[in-house]
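First comes the structure, then the notes that go with it.
Chain identifiers are assigned alphabetically (A, B, ...) following the order of the sequence lines, protein sequences preceding nucleic acid strands; residue numbering begins at 1 within each chain.
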Amino acid sequence: SCHDGLPIGLQHNNIDDYVEAEPVFEASKYGSLWPLPQKVQISEVSFKLTSSSFRIVDAKASSAGPSCSLLQSAYRRYYEYMFGSAKKQWWSKNNRRSDPSDLSELQVWITSPDSECDGYPSVTSDESCEYLPFLVHVMFYGLETFSQLVFEDEYGAKSINAAIINDFPRFQHRGILLDSSRHFLPIKVILANLETMAMNKFNVFHWHIVDDQSFPYLSRTFPQLSEQGAYHPYTHVYTPADVKMVIEFARLRGIRVIPEFDTPGHTQSWGKGQKDLLTPCYSGSKPSGSFGPVNPILNTTYDFMAQFFTEISTVFPDGYVHLGGDEVDFTCWKSNPDIQKFMEQQHFGDDYRKLESFYIQKLLDIVTSTKKGYLIWQEVFDNGVKLKPDTVVHVWIGGGSDKEMSSVTAAGYTTILSAPWYLDYISYGQDWQKYYKVEPLNFEGTDEQKKLVIGGEACLWGEYVDATNLTPRLWPRASAVAERLWSAKDVTDIGDAFNRLSLHRCRMVERGIPAEPLFSSYCPHEYKGV
Amino acid sequence: MLKFVSLLLALSFCQGLQHNNIDDYVEAEPVFEASKYGSLWPLPQKVQISEVSFKLTSSSFRIVDAKASSAGPSCSLLQSAYRRYYEYMFGSAKKQWWSKNNRRSDPSDLSELQVWITSPDSECDGYPSVTSDESYELTVNQPVAVLKAPKVWGALHGRIYTRFELNFCPPTLHLFQKSINAAIINDFPRFQHRGILLDSSRHFLPIKVILANLETMAMNKFNVFHWHIVDDQSFPYLSRTFPQLSEQGAYHPYTHVYTPADVKMVIEFARLRGIRVIPEFDTPGHTQSWGKGQKDLLTPCYSGSKPSGSFGPVNPILNTTYDFMAQFFTEISTVFPDGYVHLGGDEVDFTCWKSNPDIQKFMEQQHFGDDYRKLESFYIQKLLDIVTSTKKGYLIWQEVFDNGVKLKPDTVVHVWIGGGSDKEMSSVTAAGYTTILSAPWYLDYISYGQDWQKYYKVEPLNFEGTDEQKKLVIGGEACLWGEYVDATNLTPRLWPRASAVAERLWSAKDVTDIGDAFNRLSLHRCRMVERGIPAEPLFSSYCPHEYKGV
C-alpha cells in the first residue's frame, strides 16, 4: 500500500568500490510486519475498521482490567497510531458508518493470574516463550503487531486481514545503547527513541549515561558530580524527576532501563566533582596535574562507590546495572608512586590487569550487596576477574567476536552481542543489510553454550550524534537488529526484508519519527519536521 | 544580511573515542579553543577586531537605513532582512520583554546599525545574478555601526560580530546580554558561484525543508540553489504547459509535487536572501519519469526485433521531441528568473539507442557510424539552440564538454567526476569555458568521523593552468544527491559539512588553518542550532542551547 516500484540507478556514483545491487521494492506477502512474527497466517479476507466504532477492550476473563493503566495507555497509543488524531477521526466519523462486516473489537486477554501490570519488565518476564502471551508486558508486542496489520486502502479506509499470529522473541535481551555523555540528549529525544524502540519490539534501553566527557546524572547523594561534571549544571543534567520519567515511559512500553556507570576508566568527568576519586598521574616525581582511572588503592574510593551504587540501586528498578570496565589505560597508574608501592605490597608484579581486577572485584561485591545483577564489557572477563555466575558479559570488540562468544559461553557466562552492531560507524549505502545478515549464534560451541546468548544490543555511541541527528541515524538501521533478535533464525530473505522494512520505516515516519530512507522512494505521508 | 554573530560560550571538547574498533580511523581530533575570530564563518577577507566592546540592548538597538543610502523603507528585501537578523540576535518577543524589563540602555551602548547602499541602483527589487556585487564594509564603533555596500546583496552578507554573556539569575533563568567588539571588516567573496545542489526527485523534499535549507545557506553565504528538481525516479515539477508530466511522473500527483505557487515561493524566499535558484532539467538521460506523462518522448528499447516495453533516454530522432522541448523550456525560462538553467547531459546510457532499429537507421543517414556520442551531441546541440532562443545561459555536466558538443562561449561546465577532476578543470578552462567544481564535494557520500576536514582542505585552483585559466573557475557546489536523504535526515547531513565548502568558496585562499576552522565552525554550528537548524555536531561537545526537535 505504500510504495509501488522503486526505480534503480544511482546518479553520479563515482565511488568505485560501491557495487552492491539495490533491491527493488515489491509487496511482501507479510505486508509491513516488522520484526516478522514467529508464526503468521494471513488470509485474503479483510475487514474494515472504523474509528468511530472500533474498540480495544479487556476480555472478560482477563486478569488485567481498567485499573491497569499500563494497558489502558497502550490502548490509547495504538488507537491513535491506527486512526490518527482526533481531527482525522472526526472526519471519518462523519463520513463513514460502521457496517456489520466491520471488525468491531480487539479483546485483550491477560490469562495469567498475575498480570504484572504494576511491575517492571525483567529479563525473566519473557523467559519461557510458551507463556509469553500471558504476561502484560508482552501484550505491547501483540498491539504493535495488530497495528502493523492495519492498512489503508486507496480511499483512506482502514482494513485488516484475517490472521492468526503466534509470536515470541528469539532472544530475551534486545537492546539499544544511547550515550548521553559525549553529547547531552534532551529528554524529548530519549522518549522519542523509547517510543520507536517499542515499535521495533526492543525491550532494553542501555543508558550509557556518563563517561569521560560529561556527567549529566544528577545524584542525590553526590550532587557535586553533575554540578561540576556536567556540560552545564542546570541545562545539561538529568534530574531525579527526569530519570523517573524515562523509567516510567519505558515501563509503559515494556522496556527495561539499564543504566551504565562505567568505571574505573572513562571517568574523567567524575573527577571534577569528587576529589581524590581519580588517580593523580605523575610526570617524573611530581603530579602532572592530570588524572587517570579511578584510584583503586584508597578506601575512600570504595566508600564512595558503596554509597553511589546504593543510590543507583534504588533509583533504577531493573535487576541489572551495567558496570562498564572497558578500555582501562594503565599509563597513569604506572606513573604514580603510591600505586607502584601498592602493587609491590599486593605482589602484583608489573601486571596492572591484576590491579584492575582487584578494583573490579571489590566493585562487584559492592554492587552485589545492593541486590543487583550486573553486565560488564568483555575486558573484565578477558582479564580473569572472578564473576558471579549470573553476570552478563557484553561482547563489543569487532574482529574475533565469534571466538570471544565461544570462550565466554564455554566459561558458563551468559552473554550479549554488540560487536557487529556499532551503528555510530556510518558508510554510504544500505548498511542495514550488513546488520541484518549477522547471525549471533554463528560461533563454535555446544547447544548449551548457544543457550547462554540471551541477545544483543545496537550501540549508538555519541561522539558524532546529538539531538540534531540521532533519530534518523538510528532508525531504521536499528530495525535490522530488531528483526535479527526477535524473529526466527531462518528469517534471512534480504529482499523480503527490504520490502517490509520500507513500509515499516514509512509507518515510523507517519508516527512522527524521522526514520531515514532505505533508498530512493517515497512515503504517502512524508516527515513533517525539518 | 547583517549577521549578528553570537559567540557562544565555553564549549569544551574532550578527546577520546570509546570503543573505537575501526583500525583505520586514526585522524587526531582537534581540541576546542577560542579563535581570535570568534565564531565568524566563513571568515571575511579582512578583519580587524578591537578589544573594546560595546553593549547592545534589544529595547534600544535599531537597524536603520543610512540617510545617503539608495535603498529606503520601500526596499522590502532589506526591511525583512533587518527583522530576521534582529530576531536572530535578540530572540523572540518573549525574551526581549524580559531583557527590556531588566536592563536599561546606557550611553556607551551601541545604539544603531546604519545600512548604507552606496550605488545609485540598489538592485533591491532585482534578482541576484552571477555578476552581482556582494562586497560590503562594516565598521563597528560607538555609538553607531555602519554597514556600507554597493548593492543590497553585499548588505545581506554583512555581519556584526556580537557576543553574549550568560548570567545566572535565579537558577535556570538566564539573562542574556549581548555585546559587540569594535571592528572593521572589509569583505567580498573569493568565488562568485557558491552553490548547494538538492535533489527532489529521488526523494520528494517538502517545501518546508527547502526553505529551511535556503535559510541555512544564507547563514553560510551560499548564493546558488541548484535545484535538481526531476530525474528518473520522479517528476515533482508541476508544469503548466504539460501538467501530465507530474500527474503521471510524480510519486503522487497532489502530495508530492511543486505547484507554480510553491516554486514562486522558493524563488522569492531565496531572492530575499541573495540566493539564485537554478533549476536543473537533466536530459537526454535521467528522464524515466518524464516518459510516464509524455508519450513518445523516450526511446523505446528493443529486445531483438520487438520493443521490450522499457524505455531509454529521450528519443533524439523525432521532431516531436524538439517541439516538446521548445515549449517546455519556454515555460521554464519564464518560471525561473535566473539567467541560467542547468541542462544536465550526464550519464547517457547508449544500450537502448543501440537496440532500436529506427535509431540505427538514423545513425546511418547522419553518417554517425557507431559513435553514439555523435547522436548525443546531435540532441544536445539542438537543445542548446532551443534554450538559447529563450534568452537563457546554461550549465551542463562535464560529459557534454568531454563529448565535444559545440557550446556557447558563456556556457558553464560543471565538473563532477571524482578522480582526475584537476585534469578536467585544466582542459575545460584551456578550452576557454567557465567552470564550477563539485567533484570533491559530494556530501551524499558519508563516512565515520570529521569528513568536513576533507572538504575544507580542497583547493579549487589546484590544477595545471595559466592565470587566465584559473580566472575561469567561478566557484563550486556541494551536492547532496537524494538516494539516501529525505526530510528526515537531509538537514543534519548537509550542515555543517557544507559549511566547510562555504568557507572554501568565500574566504581567501590562505585561510587553511584547520584548527582555527574547527574552533570557529564549532561555534557556527551551535549558532545554526540556536536558530532552529538541526546542524549535526563536529565531535563530542555541547551547545548552550541544544536542538529542540527530535
- line: With chain A, the option among A535(B), S234(B), A212(B), P206(B) that has the most non-hydrogen atom pairs under 4.5 Å is A535(B)
statement: Pair count under 4.5 Å, heavy atoms only, with chain A: among S447(B), A487(B), P537(B), highest is P537(B)
Best-contacting candidate, G462(A), C459(A), G529(A), against chain B by heavy atom pairs under 4.5 angstrom: G529(A)
query: Should the pair D466(A)-R525(B) be classified as a salt bridge under the 4.0 Å nitrogen-to-oxygen rule?
result: yes
task: Would you tell me whether W396(A) and E379(A) have side-chain atoms, one donor and one acceptor, within less than 3.5 Å of each other?
output: yes
- request: Go through the atoms of H256(B) and report whether side chain, backbone, both or neither lie under 4.5 Å from a heavy atom of chain A.
  value: side chain
Partner set under side-chain contact (heavy atoms from CB on, under 4.5 Å) for E227(A), not counting sequence neighbours: P223(A), Q224(A)
Counterpart residues, side chain to side chain donor-acceptor pair (under 3.5 Å), relative to N489(B) (two or more places apart): E516(A)
